[in-house]
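Below: one structure, written as structure tokens.
Within every chain, numbering begins at 1; the chains are lettered A, B, ... in the order of the sequence lines, protein sequences first and strands thereafter.
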Amino acid sequence: MPIDYSDFDWQGKNYVKIIGRTLSGKRVCVIDDYEASFWAILQPKVKEKKIQEIIEKISKIKVKNPSRTSSVLKTELCNKKFLGKSVRAIKISVTNHKDMHGIADQLGMKEIYKRREYDISLISKYVMQGGIEPLCWYRINGENIDNSDDFGGIGKALDVDFCLKIEGKEKSKEQPEFKPKILAYDIEVSDIELGKGEILMISLYGKNFKKVLTWKKCNKKQDFVECFKDEEEMIEAFVKSVKEYQPDILTGYFSDGFDLPYLRANAHQNKVKLALGIDGSQPVFSRGRLVSGKISGIVHLDLYRFISSVYFQYLQSETLGLNDIASELLGEKKDDFDFLKLKNMKEQDWKDFFAYNLQDSVITYKLAEKLWPDILEFTKIMKQPLFNVSRNSMSSHVEDYILQNLSGFDEIAEKRPLHEEIGKRRERPKYVGAFVFQPKPGLYENLCFFDFTSMYASVIVSYNLSLSTFESIKEKKPVFSKQKGFFPKMLEEIIEKRKKYKQEYNKNKNPVTKARSNAYKLLANAAYGYQGFFGARYYCVEAAAATASYAKENILTAIDKIKKKGYEIIYSDTDSIAFLLGKNTKKTVLEMLKEINLKLPGIMELELEDFYKRGLFVSKRSIEKGKTREDSGAKKKYALIDEKDKMKIRGFETVRRDWCKLSRELQNKVLQNILKKGNEKSALELIKETIKEIKARQIDKNQLMIRTQLKKPINEYVSKGPHVIAAQKMEDAGLAVSQGMLIEYYLAENKSSKSKLVRDKVKLPDESGEYDIDYYLNNQILPAVGNILEVFDIDVEKEFIKDHRQKGLGDF
DNA sequence: GCGGCGCTTATACC
DNA sequence: ACCGGTATAAGCGCCGC
């Protein structure tokens with residue numbers, strides 16, 4: 001079972017080193033050959049004789065480096081495909097992967113059309129060329145090199161049960177479930193800024209393994225706590241614990257960005273080696289936009305990275321914090337620790353702190369177990385090492401999938417865009433996207449929702465939209481070839497697999513079948529964005545624009561057909577259509593659905609999403625000149641209730657995290673009451689009650705906190721909004737403020753200033769102050785419920801609030 | 001000092 | 001820099017009066 005991948009050079013050649021497990025749980029290292037090669041694609045119609053001359057020239061290329069000289073090992077003339085077209089290409093095998101670029105640079109002959117595949121990582125190429133795929137059982141045989149000096153004595157140096165040089169490999173027919181050995185860790189520090197503080201404690205949690213290592217206050221009552229003389233000894237004990245447990249995966253939460261770099265820095269300061277690797281090496285941090293910490297032989301898994309890049313968009317959590325994520329995925333609320341206590345810790349506080357530290361590791365461990373099926377499926381589908389898969393973005397996943405499936409089409413891979421090309425792509429103007437129907441504000445009864453299944457993906461497949469099938473622009477419209485391209489074909493396979501695994505999941509519901517079906521769904525959904533993404537190898541705006549355009553065309557046609565059948569369209573956004581059932585039965589509606597489907601192109605499919613008892617649509621708050629409330633219905637903002645009384649709320653303040661809890665909860669209750677009962681009576685009572693409480697200052701401050709994300713450094717803001725001021729206040733108070741943080745604040749009365757600016761009322765949660773009644777009434781409650789009640793011709797401001805304002809400040 | 005409008009910003013929908 | 005476009009809305013910044 002191959003788990004961790006790396007590559008190394010030995011005597012000028014490349015090898016792949018894979019760390020994995022045997023069926024019986026032994027830790028093994030296998031070393032496989034790797035032959036570096038890339039392609040020189042020839043211009044069409046180059047004469048045989050000329051080709052032979054070129055091959056001869058190529059064979060003699062040498063690249064000299066300080067450490068080695070690379071040369072061409074062999075060449076092979078092949079018939080291949082490149083972007084769907086048949087080409088003649090020379091496969092150039094070289095001695096060292098790292099010198100492919102240098103050798104490719106020397107292929108300036110005019111007969112060579114393009115040089116390709118010298119920019120793919122070694123491990124990716126290794127797998128593409130038929131190497132061992134990650135997380136699949138293999139039967140292998142080879143030479144035991146435990147005690148040999150081969151490869152510089154690697155067999156002796158690694159902490160593994162045995163080490164093999166591969167001679168034969170075969171993917172096993174049986175693929176029994178594999179459960180990796182996971183160890184979770186978490187640190188607590190005296191100052192969160194790296195280099196400024198000490199590590200107070202480190203917790204570890206695994207199967208039958210729990211520890212908190214510390215050099216601070218120790219007590220005998222918590223048997224999981226181990227005490228050490230100082231930070232240095234504690235870090236050494238951490239390294240020893242990891243070695244003792246022998247994990248396949250060492251996991252943390254935000255550990256790429258915090259725990260591992262912190263450990264590394266403080267180990268260095270203490271002159272201790274953080275020898276976590278199975279070869280005794282220290283973690284290596286790769287540069288990039290985000291730092292990634294790699295440990296040799298053990299997969300360092302930062303769950304935060306996986307969740308933020310692929311998983312988060314399908315969760316309800318409003319933040320990426322361990323707290324929020326764990327409570328949603330595990331249903332566990334974790335106890336909080338008051339970090340302000342750190343300045344003056346009592347005996348009991350330390351006990352609480354140790355327990356808190358351990359708890360974070362426990363939760364991280366459980367989260368890793370929970371997400372394992374998803375990470376496993378992604379790894380198997382993309383055929384990339386676990387380390388990469390757990391950190392990659394969706395666009396990388398799409399690209400990895402393409403690269404690993406090109407051989408089935410005999411395709412040579414397109415190159416990654418260079419800096420200059422990326423710059424150009426990013427400057428392109430936007431193309432027209434989806435259609436959104438402007439609803440008429442109102443409370444509707446008996447609605448039906450249709451939607452297109454994986455609409456954009458099915459458009460790409462049905463209309464054959466991709467880089468390799470793009471032919472030309474005629475009369476301002478892109479033309480795509482009739483012959484199926486590999487990209488749409490791959491996508492069709494993905495959609496088919498998604499269908500198959502979805503059925504499988506419905507038959508047999510478990511985390512594994514769910515993860516499999518979900519992974520293909522995510523991949524299908526990301527394919528459209530990929531073609532319009534400036535960093536993509538197979539970038540094609542024409543395809544992306546055409547996808548959006550054909551999608552629009554199809555939904556407008558469907559809307560038209562539904563209308564012509566006599567239904568009233570209520571709403572539509574991108575791939576969904578809502579209409580009133582009216583006097584028709586569900587059966588008639590389903591017949592119409594069938595009829596529409598008969599005429600849809602290719603694999604496109606319209607399906608019934610659901611029937612809803614009621615639906616509420618409101619008007620926009622700012623009504624444009626010359627328009628009435630009636631024709632100013634807000635898009636992307638509605639609330640539905642189905643036949644089981646389950647609500648579906650979109651776009652309303654209830655679902656926006658930058659509104660205070662009070663408004664969100666009140667609005668939610670108002671919507672619930674209206675949708676359940678079909679009238680506004682009880683909702684009015686709720687509003688009245690809340691307004692009374694606000695005026696009487698009976699509202700808990702926690703209900704009034706507003707949270708807004710700080711998206712850039714404080715000084716880069718042109719417009720200093722309330723949350724920027726709050727962030728500034730935090731910084732002034734000595735609190736750590738960083739980009740991406742959720743800034744929390746409330747609005748307080750400011751008697752010393754007459755300023756009308758909201759930002760002059762900003763106070764941090766622990767700052768004392770009286771909440772600003774006018775602000776919360778006029779800027780929170782009124783907007784949240786105003787346009788809902790407007791549907792029933794009620795003016796909330798006139799009914800409840802104005803009265804207060806007219807009395808003026810004199811009341812207070 | 002105030003109202004209006006444009007711009008910046010955050011967040012949602014699909 | 002790490003998937004696309006469409007949309008709402010708050011609150012500042014600035015202008016003119």
Next on the checklist: I want to verify a distance call: between C/dG4, C/dA10, C/dG13, whose nearest atom is closest to the A/Tyr528 side chain?
Outcome noted: C/dG4

Item to check | Atom NZ of A/Lys729: over 12 foreign heavy atoms under 6.0 Å | outcome: yes

Checklist entry - Hey, which of these two, A/Pro783 or A/Arg759, hits DNA chain C nearer its 5' end, going by closest nucleotide? => result A/Pro783

Item to check | Span that lies between the P atom of B/dT9 and that of C/dC3, in whole angstrom | outcome: 22 Å

Checklist entry - Is the centre of the A/Phe487 ring less than 6.0 Å from the centre of the A/Tyr538 ring? => result no

Checklist entry - Out of B/dT9, C/dA9, C/dG11, which has the shortest distance to the side chain of A/Asn787? => result C/dA9

Checklist entry - Under the 6.0 Å and 45° cation-pi test, does A/Lys712 pair with A/Tyr717? => result yes

Checklist entry - When we call it a touch if two heavy atoms are under 4.0 Å apart, what does A/Phe452 touch: a base, just sugar-phosphate, or nothing? => result nothing

Checklist entry - Do A/Gln728 and A/Glu731 come close enough that some side-chain heavy atom pair is under 4.5 Å? => result yes

Checklist entry - Reckon A/Val432 touches a base, only the sugar-phosphate, or nothing at all at heavy-atom distances under 4.0 Å? => result sugar-phosphate

Next on the checklist: Looking only at the aromatic ring of each residue, does the gap between the centers of A/Tyr253 and A/Tyr304 stay below 6.0 angstrom?
Outcome noted: yes

Next on the checklist: Looking only at the side chain of A/Lys711 (C-beta and beyond, no hydrogens), which of the listed nucleotides B/dA10, C/dC3, C/dA10 gets closest?
Outcome noted: B/dA10

Item to check | Integer-rounded Å distance: C/dG4 P and A/Phe435 CZ | outcome: 24 Å

Next on the checklist: Can you tell me how the ring of A/Phe470 sits relative to the ring of A/Phe480, calling it parallel under 30°, perpendicular over 60° and tilted otherwise?
Outcome noted: tilted

Next on the checklist: Centre-to-centre under 6.0 Å for A/Phe450 and A/Phe579, is that the case here?
Outcome noted: yes

Checklist entry - If you look at every strand shown and take non-hydrogen atoms under 4.0 Å, does A/Asn779 touch a base, only sugar-phosphate, or nothing? => result sugar-phosphate

Checklist outcome for this item: Picking from C/dA1, C/dA9, C/dC12, the nucleotide nearest the side-chain atoms of A/Ser719 would be C/dC12

Checklist entry - What does A/Tyr431 touch in the nucleic acid at a heavy-atom separation under 4.0 angstrom: a base, only the sugar-phosphate, or nothing? => result sugar-phosphate

Next on the checklist: Please classify the nucleic acid contact of A/Ala434 as base, sugar-phosphate, or nothing, using heavy-atom distances under 4.0 Å.
Outcome noted: sugar-phosphate

Checklist entry - Which whole-number value in Å describes the distance from A/Tyr539 OH to C/dC2 P? => result 15 Å

Next on the checklist: Mind checking if A/Thr708 touches a base, just sugar-phosphate, or nothing, with heavy atoms under 4.0 Å?
Outcome noted: sugar-phosphate

Mind listing the N/O atom pairs, protein and nucleotides 12-14 of chain B, below 3.5 Å?
unit_1: B/dA12; atom_1: OP1; unit_2: A/Val655; atom_2: O; d: 3.1
unit_1: B/dA12; atom_1: OP1; unit_2: A/Arg657; atom_2: N; d: 3.1
unit_1: B/dC13; atom_1: OP1; unit_2: A/Gly651; atom_2: N; d: 2.8
unit_1: B/dC13; atom_1: O2; unit_2: A/Lys636; atom_2: NZ; d: 2.9
unit_1: B/dC14; atom_1: OP1; unit_2: A/Tyr638; atom_2: OH; d: 2.5
unit_1: B/dC14; atom_1: OP2; unit_2: A/Arg650; atom_2: NH1; d: 3.4
unit_1: B/dC14; atom_1: O3'; unit_2: A/Asp575; atom_2: OD1; d: 2.3
unit_1: B/dC14; atom_1: O3'; unit_2: A/Asp575; atom_2: OD2; d: 3.3

Next on the checklist: From CG of A/Leu710 over to P of B/dT8, roughly how many Å is that when rounded to an integer?
Outcome noted: 18 Å

Checklist entry - When all nucleic acid strands are considered with a 4.0 Å heavy-atom cut-off, which category describes A/Tyr717: base, sugar-phosphate, or nothing? => result sugar-phosphate

Checklist entry - Quick one: A/Phe437 CZ to C/dG5 P, roughly how many Å, whole number? => result 25 Å

Checklist outcome for this item: Picking from C/dA1, C/dC3, C/dG13, the nucleotide nearest the side-chain atoms of A/Ser395 would be C/dC3

Checklist entry - With a 4.0 Å cut-off on heavy atoms, is A/Lys712 in touch with a base, just the backbone sugar-phosphate, or nothing at all? => result sugar-phosphate

Item to check | Protein-nucleotide distance (A/Lys430, atom NZ; C/dA7, atom C1'), rounded to Å | outcome: 11 Å

Checklist entry - Is it true that A/Tyr612 and A/Phe449 have ring centroids separated by less than 6.0 Å? => result yes

Checklist entry - Base, sugar-phosphate alone, or nothing: which one does A/Arg305 contact when heavy atoms must sit under 4.0 Å apart? => result nothing

Checklist entry - Among C/dT8, C/dT6, C/dA10, which nucleotide sits nearest the side chain of A/Arg621? => result C/dA10

Checklist entry - Atom CD of A/Glu653 to atom C1' of C/dG11: distance rounded to whole Å? => result 15 Å

Next on the checklist: Taking 4.0 Å as the cut-off, does a side-chain nitrogen or oxygen of A/Gln709 come that near to OP1 or OP2 on B/dT11?
Outcome noted: yes

Checklist outcome for this item: Rounded to whole Å, CH2 of A/Trp659 lies from P of C/dT8 at a distance of 15 Å

Next on the checklist: Once you apply a heavy-atom cut-off of 4.0 Å, does A/Gly433 come out as touching a base, just sugar-phosphate, or nothing?
Outcome noted: sugar-phosphate

Item to check | Within 6.0 Å of NZ in A/Lys561, more than 12 heavy atoms from elsewhere | outcome: yes

Checklist entry - With a 4.0 Å cut-off on heavy atoms, is A/Leu757 in touch with a base, just the backbone sugar-phosphate, or nothing at all? => result sugar-phosphate

Checklist outcome for this item: Side-chain contact check for A/Lys635: nearest option of B/dT11, C/dA7, B/dT9 is C/dA7

